[in-house]
Amino acid sequence: MKVVIIGAGVAGLAIGWKLAVGGAKVVVLERAQVGNGATLVSGGMLAATAELGSVSSPDADFARQANALWPDFAAALEAQSGFAIGYRRNGALLLRLKGEAARPEGPLSGERTALTADAARQMEPLLGAEIENAIFAPHEAQVDSQALCRALAVCFVQAGGEVRATETAVRFELTGGRVTGVVTPFTTHRADAFVIAAGAWSARIEGLPPEAVPPVVPVKGEIIVLSPPAGVAVPSHVVWGNGVYIVPRRERVLVGATMELAGFDTSLTKSALTWLRRQAEGLMPSLKDWRLSEHWAGLRPAAPDGLPLLGQSVDGLFVASGQYRNGILFAPAVADVLSRLILERIAVDPAFDPRRFAGTKSPLIVPQTPHKEGGNGAWPTVS
Ligand code: GLY
């Protein structure tokens, strides 16, 4: 079987790797460079609890399923690529500041334990006096998303896959209602199956009937990277609170991320920088002395209901998109369900059916961060 995947981010490469190991001949088309969409500029938190809470819902259950796959996925990636990917399951602190309303929490369990502010400060000495209390989520993990991307690309190629960078998928060709080819500026690729794993760009390939176009919208996120003064240690855990997260990565921290509907704009803004710094300093006041060393922007792919789009769209065409805030976490589970669907025809959870919006106008509900005036503006409608 030959499969063409559009998008060399974490989803496309993870699916490609799994399919190639399963015996398929796989080509990945990438409009830019490997990981250049959201993957390389993501925080890399595997944050099932912090992102999706502890109750049961299709995406939260999928997140837990993915989180359970991560230790083996990470070990296989490292063993086969020879690269360390910085996978660490050492938990996250979910902080509540003084004067803040309590988070709506389900019952605490082994997945989450309550901490006093002092106990949280013992775990993370940089935390300031404004902490009211905390929850510790021990199963939260993190990965260096840049190292992950490199390792995935190596594993995919070692398994026989081919990456064609700077080759944009422009238009699908259909024969009798089935997708049989994808046209790029260089050639037309023919295959038995095609997968759209193009993140925020998933809706931009021409030639499909309207109901088969994945209804994703880009949600911009800016992240800053701070370096400590000499002799200051970085935190040990991922920390969430005050509208941001702080992620230790090697000798620096990432602070993210804004949420903004700004089309395909990935400009770096002063307002985001100022807001991210201020919110992070509200958690860890001494971060004011840390040097800004990088500033990134990326685009998350969001479906109108915030759930992933996973499954068959039309004959011959599959979709792996709409991962929204959880693209890195979901990756091994996305690779599993898509490869089983394509190779073995095993159905995916209907809650993720990419055709579930067909014929409806669905409002995209995205909370936006108040980092600039108008930041909580109108919510667009996608069809
Ligand atoms: N998962 C974090 C973010 O999307 O900002």
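All figures in this text were calculated on a predicted structure; none of them were measured in a lab. Whatever order the structure lists them in is the order used to number ligands and atoms, beginning at 1.
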*Which bit of Met259 is near ligand 1, meaning a heavy atom under 4.0 Å away: side chain, backbone, both or neither?*
neither

*Is it the case that Arg164 places NZ or CZ above or below the six-membered ring of Phe186, under 6.0 angstrom from the centre and within 45 degrees of the axis?*
no

*Side chain, backbone, both or neither: which part of Tyr324 has a heavy atom under 4.0 Å from ligand 1?*
neither

*Is Asn326 close to ligand 1, meaning an N/O of one under 3.5 Å from an N/O of the other?*
no

*Identified ring pair (Phe, Tyr, Trp, His ring centres under 6.0 Å) counterpart of Phe330 within the set Phe62, Tyr324, Phe73*: Phe62

*Electrostatic pair Glu173:Arg190 at N-O distance under 4.0 angstrom*: yes

*Cation over ring face, Arg31 and Trp201, 6.0 Å, 45°*: yes

*Output the list of atoms in ligand 1 that are nearer than 4.0 Å to some heavy atom of Ala257, sorted by atom number.*
5 (O)

*For atom 2 (C) of ligand 1, state which one of Arg300, Glu222, Glu51 supplies the nearest heavy atom.*
Glu51

*N/O separation below 3.5 Å, Tyr245 to ligand 1*: yes

*Without swapping roles, check the side chain of Lys98 against the backbone of Ala129 for a donor-acceptor pair under 3.5 Å.*
yes

